[in-house]
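First the structure, in the form of structure tokens, and then the observations on it.
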There are 2 protein chains.
Amino acid sequence: MSGNNIRRSMPLFSIGIVMQLTELSARQIRYYEEHQLITPERTEGNRRLFSLNDIDRLLEIKELIEQGVNLAGIKKIFAVKEDSQQPTSENFETKLKKSDLTDEELRKLLRNELIHGGKHRTTLRQGDMSRFFH
Amino acid sequence: MSGNNIRRSMPLFSIGIVMQLTELSARQIRYYEEHQLITPERTEGNRRLFSLNDIDRLLEIKELIEQGVNLAGIKKIFAVKEDSQQPTSENFETKLKKSDLTDEELRKLLRNELIHGGKHRTTLRQGDMSRFFH
DNA sequence: ATTGTTATGTTATTTAACCTAACATAACAT
DNA sequence: ATGTTATGTTAGGTTAAATAACATAACAAT
């Protein structure tokens, strides 16, 4: 369960790949970031690195745009959905801050979760936007 | 079943990410390619793009190197393993060549398999090297 | 002992793929 | 008519790739 979230939040993909995967232009992707609909990581040299979650988000944005929703609306929709997550339980970020892993250890953990994380998978995946598509 | 293979063979990752994921140097990764232990794709501009399968392979190579096997040996091991795959059934490449999808259609298919491919997953994953680790 | 091979590091040079910023504009809202 | 939103395009700068060449430690073979 947690492994999935780790894997899906790992910063892995360049903007070029994300463009292909989402069929969005670089301009669009950057614009959505500018408006805080996504917040991809950066490399040391300032290149964007996107996670699977980011890609899911972008696909959801695209779908909503196509349905005529403007960015303000999409922002609200995302806010509402964040609200309706279990609000008391601590999230992944919080857990990471609590744990005192070194960067080294954390990297290894993340890497392992990514490469071999598909094994103990639950049938239901949260954050998958396909339920909103026709 | 096939969706997994598609997803795992998609060229997605830059060499920088692969370096982090495998803890191999760029030199090592390129050297292994030079010796045909992996054959990553290239972008139009000649940058390498690695798949999950490539990463699995690299991890296996690393493990074998650490166990004292040289590249010639690793090459043989891989050859033997390829042999013991079902040799009569047509592989993914063959299937792709037979199907007359346009590049556009193929991209979409691949993208979809990657992003939403985790749902109908079988418990056993082929190509996962973890069974060789202690 | 010498010579050759293997696997890797390092360094130099080139360039694809990214970055930001600025200006343009169509569609829409006021 | 004017302003705003979402996107395209272009210009100029930087990073993370690429290849190629040389260096070398470890080991193998002569």
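So you know, we letter chains A, B, ... as the sequences are listed, proteins then strands, and number each from 1. As the structure is a prediction and not an experimental result, all values here were calculated from the model.
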(request) If a protein heavy atom is under 4.0 Å from the base, mark B; if only from the sugar-phosphate, S; if neither, -; do that for nucleotides 5-21 of chain C going 5' to 3'. (result) -SBBBB----BBBBBB-
(message) So, using side chain to side chain donor-acceptor pair (under 3.5 Å) as the criterion, who are the partners of A:Thr43 when residues are at least two apart?
(response)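 Scan of A:Thr43 (side chain to side chain donor-acceptor pair (under 3.5 Å), adjacent residues dropped) gives none.
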Minimum side-chain heavy-atom gap [X]-[Y] below 4.5 Å:
X	Y	result
B:Tyr32	B:Ile65	yes
A:Ile15	A:Arg30	yes
A:Glu33	A:Pro40	yes

(request) Test A:Val18 against every option in A:Leu24, A:Leu49, A:Ile55 by the side chain to side chain contact (heavy atoms under 4.5 Å, CB included) rule and name the one that passes. (result)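 Exactly one candidate clears the test, A:Ile55.
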(message) Taking B:Ser51's backbone N and O only, do any of them form a donor-acceptor pair with B:Asp54's side chain (distance below 3.5 Å, no angle check)?
(response)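 Looks like yes, one N/O pair under 3.5 Å.
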(message) Tell me if a side-chain donor or acceptor on B:Arg57 pairs with a main-chain N or O of B:Leu37 at a distance below 3.5 Å.
(response)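 Answer holds: yes.
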Protein and nucleotides 25-30 of chain C: nitrogen or oxygen contacts under 3.5 angstrom:
none

